[in-house]
S.K.: 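Before anything else, here's the structure in question.
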2 protein chains.
Amino acid sequence: MREKTTTFVLLGVLAAGGPMTGYDLRGWINGAIGHFWSESFGQIYPELKRLTAEGLISAAAAADGRKPYRITPAGRTALTAWLERQPQAETVRSELLLKLYFGRFLGTETARDLLTGARDRAGDRIAELETAATDLRRGETRGEELLFSLLVTDRGIAAARAERDWAARALKAVDALEDGGPDAALASLR
Amino acid sequence: MREKTTTFVLLGVLAAGGPMTGYDLRGWINGAIGHFWSESFGQIYPELKRLTAEGLISAAAAADGRKPYRITPAGRTALTAWLERQPQAETVRSELLLKLYFGRFLGTETARDLLTGARDRAGDRIAELETAATDLRRGETRGEELLFSLLVTDRGIAAARAERDWAARALKAVDALEDGGPDAALASLR
DNA sequence: GCCCCCATGTAAAATGTTACATGATTAG
DNA sequence: CTAATCATGTAACATTTTACATGGGGGC
């Protein structure tokens, strides 16, 4: 069986946040690392079952409806081994860029809509992540945990800023295209 | 049947590049838009069959082993309709950020390796895309086609620069962590 | 009483990659 | 002759999302 990342996200969150249920795991993932990772129940529950069978996690007695899991020593070993491997090159897939690339089949109007949408979403994202960073600094998390949380948040902010600024530039080029044609637009990119 | 993006990539490339075979399509996608999209043969060939059945593309007589497809008027209509819809919010999934987030279970050494790897890959990417941009400007592509090609390349460069600069900053924070502990590292992030 | 949140799980469908099978043509 | 590239396609597998089914508890 090939290694799927879901395995290690679950192990990592259980290591970082202590024992929790499948439902809790989903909430944790959505909240703390939601801006660069996601998992659905359809993956979480079957995977928890499998990890239990493999001995990497163990389930406490299901008291009420809840069934909290904790990471085992074997699970920690597996997590550490995964963490130490260089990540695979990431495959980017952007529907926005695809549409913009086919921009010559689009009216100027539509291209503009595409780009203002992207710029605004990036702006919202920046605000959101900056708030998250402030909250983190003010919160009770300390030491290395805080440091690494801030580092990944910063990466999100940096990426969103680059996106917003690029969209603004591209928007100017589209304006120039409308006013002065392709050559004017190309000149505006310099 | 839900709309899969593969459909429209194929339609778009046929509209942009003229009639071509499944093999050509793959090459075109890898080359021109490979930095933000990819398709495998396993998706391309079945999809070409389906699109033919739907009347969105048509196959010329298979002369030698080749079977070139062209987009039909119905295909152009479908493409335009898709282009005009705002793209779905993109789901980012970064294994690197995941590993870094769990950085407190990592040695400083490993965190550094992760980040130098990311920084160097981003650097390579910048060089590659800058070359691509230069080649585009020097090539025979003109007008809107050139403009939109450059716009999407620029977005790749902007994203890669943001990544490289962030990784360099994060690396300094990890150095500070080793020298002066978490508080020194946090201070270095200001 | 009803709606929302908590909580677990399964099933089906969609999407995507990798491996395999086959054969022609071309460059060294 | 041999390796690479061109070319088509299928099958198996892996991954991921969405929809469904079920039920408890708390607030209004």
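Note that the structure is a prediction, hence the values are computed from the model and not measured. Lettering of chains follows the sequences in order, A, B, ..., and the numbering in each one begins at 1.
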S.K.: Can you work out whether A:Ser38 or B:Pro68 has the more 5'-proximal nearest nucleotide on DNA chain D?
M.R.: B:Pro68
S.K.: Rounded to whole angstrom units, what separation is found between the OH atom of B:Tyr45 and the C1' atom of C:dA21?
M.R.: 14 Å
S.K.: Rounded to whole angstroms, how far apart are CD1 on B:Ile44 and C1' on C:dT18?
M.R.: 14 Å
S.K.: OP1 or OP2 of C:dT8 sitting under 4.0 Å from any side-chain N/O of A:Thr21?
M.R.: yes
S.K.: Please report, rounded to the nearest Å, how far the P atom of C:dG9 is from the CZ atom of A:Arg26.
M.R.: 16 Å
S.K.: Categorize B:Gly65 for me: base, sugar-phosphate, or nothing, with a 4.0 angstrom heavy-atom threshold over every strand shown.
M.R.: sugar-phosphate
S.K.: Would you name the heavy atoms of A:Leu106 and A:Leu114 that are closest together and state the gap between them?
M.R.: CD2-CD2, 3.8 Å
S.K.: The side chain of A:Ser40 lies closest to which of these nucleotides: D:dT18, D:dT8, D:dT10?
M.R.: D:dT18
S.K.: Between B:Arg125 and B:Glu163, is there a side-chain N and carboxylate O pair less than 4.0 Å apart?
M.R.: no
S.K.: Rounded to the nearest angstrom, tell me the gap between atom CG in B:Asp64 and atom C1' in C:dT26.
M.R.: 14 Å
S.K.: Less than 4.0 angstrom between a side-chain N/O of A:Lys49 and OP1 or OP2 of C:dT8, yes or no?
M.R.: no
S.K.: Measure from the side-chain heavy atoms of B:Lys4 and tell me the nearest of D:dT16, C:dT15, D:dG9.
M.R.: C:dT15
S.K.: Classify the ring geometry between B:Tyr101 and A:Trp28 as parallel (under 30°), tilted (30 to 60°) or perpendicular (over 60°).
M.R.: perpendicular
S.K.: A:Gly22 near the nucleic acid: base, sugar-phosphate alone, or nothing, with a heavy-atom cut-off under 4.0 Å?
M.R.: sugar-phosphate
S.K.: Could you please name the option among C:dG16, C:dC6, D:dT8 that lies closest to any side-chain atom of A:Arg66?
M.R.: C:dC6
S.K.: For A:Leu136 and A:Leu146, work out which heavy atoms get closest and say how close.
M.R.: O-CD1, 3.5 Å
S.K.: Where the side chain of A:Tyr23 is defined as all heavy atoms beyond and including C-beta, which of D:dT17, D:dC6, C:dA7 is the nearest nucleotide?
M.R.: C:dA7
S.K.: Take the protein atom CZ of B:Phe41 and the nucleotide atom C1' of D:dA12, then report the distance between them rounded to whole Å.
M.R.: 18 Å
S.K.: What is the distance, rounded to the nearest whole Å, between atom CE of B:Met20 and atom C1' of D:dC6?
M.R.: 15 Å
S.K.: Whole angstroms only, please: what is the CZ-P distance between B:Arg50 and C:dG16?
M.R.: 13 Å
S.K.: Please state how far atom CG in B:Asn30 lies from atom P in D:dC6, giving the value in whole angstrom units.
M.R.: 12 Å
S.K.: Taking the side chain of B:Gln43 as its heavy atoms from C-beta onward, which of C:dG9, D:dG9, C:dT15 lies nearest to it?
M.R.: C:dT15
S.K.: Does the cation-pi check pass for A:Arg26 over A:Phe41, that is, NZ or CZ under 6.0 Å from the six-membered ring centre and within 45° of its axis?
M.R.: yes
S.K.: Name the residue closer to the 5' end of DNA chain D, choosing between B:Arg93 and B:Asp24 according to the nucleotide with the nearest heavy atom.
M.R.: B:Asp24
